Each structure stands twice: as C-alpha cells, then as structure tokens.
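Reviewing the structure listed below.
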Amino acid sequence: MAAGTALLYDEEMTKYKLLWVDPACKIEVPERLTVSHEALVRTGLAARCVSIAVREATDEEILLVHSEEYLEAVKKTPYMTLEDLMAFTQQYGDVYFHPNIYHCAKLAVGATLQLVDSVMTGRVRNGIALVRPPGHHSQKSAASGFCIFNNVAIGARYAMQKYGAKRVLIVDWDVHHGQGVQYCFEDDPNVLYFSWHRYEHQNFWPNLRESDYDSVGKEKGAGFNINVPWNKVGMENSDYLAVFFHVLLPVAYEFCPDLVLVSAGFDSAIGDPEGKMCATPDIFAHLTHLLMNLAGGKLCAVLEGGYNLTSLAQSVCQTVQTLLGDPAPLPADLGGPCESVLKSIHCVRSAHKQYWSCLKYTADLPASELSAKSLKVAEQKTGNEPEAQEQRSPEEIVWPEPPKRLCPPVRTAVALPEGVACPDACKRCSSAEAPSSLVLNRIRGDFFKESEDKVTLTALCDLIALLERMAKNEVRNGLALVQDVSMAMVCVMQHAPTSLTNRVLLVCVGDGCVPTRITEDGKTLLVHISSTEAQGQKSKHCVPVCLRKGCSDVAGFMQAVLGLLLPLGYEYNPGLVLLVRMPGSGVCESVWQQLAGLLQGLAQGHTLVLMQENETASAGPTASALLGSPAPMLGLLGNLLSEDLEALETLRNTLQADWKLLQHQKVEEA
Ligand SMILES: NCCCNCCCCCC(O)(O)C(F)(F)F
Ligand SMILES: [Zn+2]
C-alpha cells in the first residue's frame with residue numbers, strides 16, 4: 001500500500017510577472033507561490049512530505065492537449081520585445097505573457113506529470129504540485145485567464161496514455177469555471193469533470209453560457225461534465241459540503257475513478273477578491289478528506305488560483321495536512337445550504353438524473369424553473385441570501401485562524417480478547433491497572449447482577465480505558481472486539497468520558513435492535529442501516545435506514561452513507577463516532593472500510609469501532625482503515641433498487657426540516 005505525500009515546488013516558477021498595467025491580471029503575482037511554500041515550511045508540513053523534483057514538460061506531452069500552432073507560437077515569446085509580448089497577449093483574454101513564462105509553463109506541466117508519475121507508480125499515495133502559471137482556462141489553441149498550458153488536462157491524458165488509467169475524475173474547486181478542461185473532455189466518458197464556479201447568471205468571468213448546469217457533456221461524454229454555478233457570492237462551508245454530499249460524491253463513487261486530479265484553486269476561500277466567498281480555509285481539509293477514499297487514495301492536487309495571500313497559504317496548509325493523514329478539524333456550526341445553492345443543486349441533479357442511477361429519483365423541476373432566466377427572477381424575489389460583507393474590501397475581511405490539528409501519538413488502539421492477535425501498527429490497550437473499582441462497580445451494577453463474568457468485565461474495562469486515552473488525545477481512534485456489541489454500546493455511552501460522549505454519532509450497521517435507552521439520552525444521534533423496516537419510532541435523533549437487500553447492497557449502502565449519513569454527521573458535529581457492526585450484518589469488507597474511512601472526517605478522527613469478537617477476519621481490514629489506509633475501490637456500483645432510492649429520498653425530505661444539510665432541492669413554495 002503506497003504511503004507518503006508528494007510536494008512539488010520550484011522557485012523558478014516565481015520568476016515571471018506582469019510587466020505592464022493590466023487591472024485584470026495584476027492579482028496573479030509570484031508571491032502566491034512563495035507564501036504557499038513558505039507556510040508549508042514554517043508549519044513543518046513541507047518536511048513531512050516527499051519532495052519530488054520538478055521538470056520541464058516535453059513538446060509531446062504539451063501536444064496531448066494543445067495544437068502545434070499554439071505551441072510554436074508560445075515558443076517564440078521568450079525572444080519577444082515588450083511591445084511584441086503585449087501585442088501577442090492581446091489575442092487572448094485576461095492573461096499576460098513574459099519572457100520567462102513559457103519556461104515556467106513547461107515547469108508547471110512537468111511538475112503535474114511528475115506528481116502523476118509518483119502517485120501512479122505507488123512511490124507516494126497522494127500529493128500536491130504548487131505551480132504557476134495555472135492551467136484550467138487554457139485551451140487547445142489559446143491562453144486564457146492567467147493560464148498558458150492546461151496542467152490538469154495534460155495530466156489526465158498522460159495518466160490514461162502512460163498508465164492505462166481508465167477513468168479519471170477531475171474535481172475543480174477553484175472559484176472560476178475551467179472551461180479549458182470542459183472543452184477538452186466534453187465528449188470523453190473516461191474523464192469526469194466536476195467544477196463549481198462563481199457564475200451569477202453568466203455575469204461573472206468568463207461569462208460563458210456553457211458554464212451553466214445544463215452543459216452536461218456531449219455525445220459519448222454526456223453526463224461526464226458537471227457544472228455547479230454559484231449564482232450568488234458569499235457561499236459558506238455548508239454550501240460547499242452540500243454540493244459534495246448531494247452532487248459530487250454520489251456520482252464520483254458511481255464513476256469509480258482510477259485517479260483523482262484536483263484543480264485546487266483557493267480563490268473559493270474567504271477573503272479572495274475574485275471569489276468573494278465566505279468558506280473558511282479549514283473546509284479544504286474536509287473536501288480533501290472526502291475525496292481520499294476514491295481511486296484507492298490516488299489523489300493529485302494541482303494549484304490553480306487563489307489571490308488572498310493569507311487565505312491561500314492557510315488553505316494550502318489545510319489541504320496538505322489532510323493529505324498527510326492528520327485529523328480533520330471539527331466542522332463547526334454548519335448551517336444549511338442557501339436558497340440559491342439549493343436551486344443550483346436541484347438543477348444540476350435534474351440535468352444529470354438520466355445519466356447517474358444515484359440521481360434517478362431527483363424530483364423533476366417544473367419546466368418553467370429549468371430555464372436560467374426564470375431562476376434569476378425567482379432569486380431577485382427572495383433576496384434573502386447571505387450577501388458577502390460588501391462593505392469591506394476583500395483584503396480587509398478577517399476570519400479566525402484555522403484550529404490546531406493535533407495528532408495523538410497513538411493512531412489506533414485496540415481492545416481484543418485474549419488470543420486475538422493485535423493487527424500491525426495498532427497498540428493493544430488494556431486497563432493495565434486494575435480497573436478503578438468505581439468504574440468496576442458501576443459496570444457490574446449495570447450488567448452483572450449475578451454472574452461475575454470476569455472475561456466480559458475485563459473486556460469492558462479495556463474498552464473504557466481505551467476511551468479514556470482517546471479523551472486525553474493520547475489515542476486517535478480505536479477498535480474493540482467484544483462478546484456483545486449491544487452491551488458494549490451501552491457501556492460506552494454510560495462510562496466513557498463525557499468530553500467524548502456529550503454528542504455521539506452512533507452508526508449501527510446490520511440488523512439487530514439498539515437499546516432504546518441509548519437513543520433517548522439526548523446525547524446521541526443514531527443512524528441504523530439495516531434490512532428491516534424501522535420498528536422504533538423515527539425521530540430527529542433516531543434515523544433508521546432500510547435497504548431491502550440489506551447491507552450487502554454496495555450501491556444502496558454507499559448512497560445512504562454519502563447522501564444521508566455524512567450530511568447528518570457533519571451537521572451534528574459529534575465529539576465521538578461510535579461505529580458498530582451488528583452480528584451478521586452482511587456488510588462487505590470494502591464498503592465497511594469506506595465507511596470507517598469517511599467517518600474519520602468527524603470528531604477530529606475520534607472513531608471507535610465495535611465488532612463481535614468472532615469477526616476476527618474483519619479486524620485487519622478495519623484496523624487498516626482506522627490507520628488511514630485508503631479503502632479499496634468498490635468497482636462500478638450496480639444500479640440502486642428504486643424502492644431504496646425512493647425510501648432514501650423520502651427520509652431526506654422528512655428529516656430536512658430538522659437537518660438542513662440534508663436539503664438538496666428547492667422545496668416548492670407551499
Ligand atoms: N477582477 C479581475 C478579473 C480577472 N478575470 C480573470 C480571472 C482569471 C482566474 C484564473 C484562475 O483563478 O481561475 C486560475 F486558476 F486559472 F488561476
Ligand atoms: Zn480561479
């Protein structure tokens with residue numbers, strides 16, 4: 001299993017800049033790269049990465065995307081006079097040339113390809129290339145929007161040609177639409193291009209009609225181009241997460257890519273003069289985490305935009321720290337997506353429902369709604385959107401420093417019965433000292449009126465000891481094989497330190513009854529995925545999810561996780577995630593590992609897994625997920641059972657009154 005995070009940077013790429021007056025281009029400065037790299041060095045993150053040398057791209061590699069005429073023309077720019085450079089620049093939009101920009105553009109492509117090489121060969125697991133000039137606007141025969149060569153588009157073609165990658169997912173979280181990437185792959189079903197971007201009904205640069213949600217790709221590529229337009233500024237963390245949960249992740253898992261490329265632009269962060277959004281830098285820790293279990297963890301992030309030097313540097317650090325496997329910060333106080341985003345999400349889902357089975361049951365938009373202009377009219381009417389703090393200039397906007405993300409010395413502790421081997425790299429946790437008599441008596445009081453079952457008692461005390469160390473941040477997460485998961489659940493809820501259990505996300509997988517006293521304590525959100533209709537009452541904090549084929553249904557299970565469990569979990573923002581595998585759950589190992597991987601984005605990674613002690617075969621795979629190894633790819637997900645899809649949709653619509661992050665469509669005005 002590949003490990004390590006690559007970092008590609010070369011200060012040569014800082015050696016070009018705007019040589020004349022052009023208001024449109026003055027924000028693209030060399031300092032963008034230096035502040036990003038210096039922040040990584042200062043925080044010690046750079047030293048934890050594998051430094052990979054940058055190289056120049058060859059002509060052949062550039063010609064994977066660009067035309068010979070264009071390349072030949074750009075080749076002449078190093079020898080041009082200032083006047084010639086200005087004249088040459090005139091033929092393109094919002095971009096500038098410089099005698100050294102061709103060299104830097106070759107380095108930006110070369111850095112991207114070096115990153116693809118190190119990930120595809122398994123030298124590293126994932127990585128980031130800090131480059132300029134950026135790439136996602138440049139086209140076959142045109143420079144555009146500060147971009148000369150399309151770094152990420154070339155990277156995708158290169159990965160498919162040299163490594164036989166079949167399906168490449170490009171996630172473009174830059175605040176501008178990467179039209180160059182869209183044009184490159186719009187008829188290609190092997191490259192799924194996802195982009196969100198400031199659009200404002202075509203009033204924002206590059207002002208293209210084809211940047212709207214109804215550009216879904218063409219011919220064989222129909223369905224493989226996803227545009228999410230932001231028709232308002234001031235988008236927040238909840239808006240970004242809602243789009244991940246209700247658009248990108250369900251489709252990305254159905255697409256099952258061999259490689260994920262991220263057009264990592266950070267002008268979508270707060271304080272940026274271009275984006276004018278309000279999402280904070282720590283959101284990139286979550287966006288990165290949510291993509292890290294795709295493609296077996298093979299993720300290449302390539303810098304695109306980002307013009308507020310403070311939020312850019314912080315966002316780059318948040319991204320790299322997550323790539324390195326550190327716990328994500330708490331996704332604090334998330335609200336729901338704003339009205340404008342709900343409309344965009346619904347339009348995108350409607351436009352794509354014919355291509356993706358996970359979107360099949362998206363309610364149809366009334367025809368009137370579908371035309372962009374009617375959306376605009378609707379918007380003016382409401383006008384109750386979070387406007388960006390317009391009274392301040394972007395540079396003056398302030399936000400809290402991202403929280404420290406401390407890494408506990410022990411990543412995974414395990415409480416196992418005697419005789420069960422401790423999985424590699426895990427630390428066995430036993431209540432070495434005789435369990436404090438107080439705890440002992442309380443546990444005995446709860447469970448053992450009569451029998452003094454020593455073994456069980458010890459196991460429960462080991463479990464509590466593990467949680468106490470988790471509460472002290474000595475241990476990040478844990479796995480316990482117990483004799484009776486229900487008893488263990490109750491024991492955890494009653495005896496674990498309150499710092500962990502004042503808000504517990506309890507995820508139960510498989511049939512079986514969950515002790516009701518747990519769900520009534522007001523400190524727990526229970527999500528129970530099983531094959532049986534909910535016996536117990538459904539409530540805000542007790543969410544039964546029924547899959548007709550049970551937890552062995554990979555597609556249904558993943559859609560329940562991505563479109564229901566994760567939004568609930570992020571909004572609930574627990575101090576502990578208790579993941580319980582009920583006996584005979586039938587859940588398949590790789591789905592289980594996906595779940596254990598994804599849930600670690602919550603509670604600063606404080607995940608405790610409980611399993612029946614006879615499931616020793618699963619102890620290894622579960623431990624590897626808890627240790628941060630990417631979950632195996634699930635393969636092309638089969639079609640979802642329509643009853644399950646409808647049930648999920650109904651559940652979301654029922655619960656969205658209480659859980660705003662479940663909202664994913666504009667609920668028709670009553
Ligand atoms: N008010 C100045 C108008 C600027 N209009 C052009 C914006 C180009 C954005 C480039 C980028 O950020 O998308 C990239 F990632 F490519 F660098
Ligand atoms: Zn941008």
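Every value quoted in this text rests on a predicted model; they were computed, and no experiment measured them. Just follow the structure's listing: the first ligand is 1, and inside any ligand the first atom is 1.
Look at Asp239 and Lys232 and you find no salt bridge, because none of the NZ, NE, NH1 or NH2 atoms lies under 4.0 Å from a carboxylate O. Ion pairing between Asp10 and Arg55 fails under the 4.0 Å rule for side-chain N and carboxylate O. The pair Lys76-Glu72 does not meet the salt-bridge criterion, since no charged nitrogen lies less than 4.0 angstrom from a carboxylate oxygen.
Annotation for Glu68: atom CD does not count as buried by contact number, only 12 or fewer foreign heavy atoms lying within 6.0 Å. The environment of CZ in Arg167 is crowded: more than 12 heavy-atom neighbours from other residues, nucleotides or ligands sit within 6.0 Å. Applying the 6.0 Å contact sphere to NZ of Lys166 captures no more than 12 heavy atoms from other residues, nucleotides or ligands. Environment of NZ in Lys162: crowded, with over 12 heavy atoms of neighbouring residues, nucleotides or ligands closer than 6.0 Å.
In the vicinity of Tyr307, heavy-atom distances shorter than 4.0 Å reach the ligand 1 atoms 9 (C), 10 (C), 11 (C), 12 (O), 14 (C), 17 (F). Residue His136 has at least one heavy-atom neighbour below 4.0 Å for each of these atoms of ligand 1: 11 (C), 13 (O), 14 (C), 15 (F), 16 (F). Atom numbering of ligand 1 starts at 1 in the shown order; those under 4.0 Å from a heavy atom of Asp94 are 3 (C), 4 (C), 5 (N), 6 (C). Listed by atom number, the atoms of ligand 1 under 4.0 Å from His137 heavy atoms are 9 (C), 10 (C), 11 (C), 13 (O), 16 (F). Of all atoms in ligand 1, listed by their number and element, those nearer than 4.0 Å to a heavy atom of Gly305 are 12 (O), 14 (C), 15 (F), 17 (F). Interface of Cys147 with ligand 1, defined as ligand atoms under 4.0 Å from a residue heavy atom, comprises 16 (F).
Metal site remark for the Zn ion (ligand 2): Asp267 contributes an N, O or S atom at a distance under 2.8 Å. Coordination check, Asp174 versus the Zn ion (ligand 2): passed, since an N/O/S atom of the residue sits under 2.8 Å.
Residue contacts with ligand 1 for Asp267 involve side-chain atoms from C-beta outward but no N, CA, C or O (heavy atoms, distance under 4.0 Å). Counting heavy atoms under 4.0 Å from ligand 1, residue Glu304 touches it through both backbone and side chain.
Aromatic ring centres of Phe204 and Trp230: separated by at least 6.0 Å.
Between Asn100 and the choices Glu12, Lys15, Lys17, the side-chain hydrogen bond (donor to acceptor under 3.5 Å, both in side chains) rule is met once, by Glu12.
Every N/O-N/O distance between Trp205 and ligand 1 stays at or above 3.5 Å.
The protein atom (non-hydrogen) at minimum distance from atom 1 (N) of ligand 1 is Glu274 OE2, 2.9 Å.
Counting just the N/O/S atoms of His176, the one with the shortest distance to the Zn ion (ligand 2) is named ND1.
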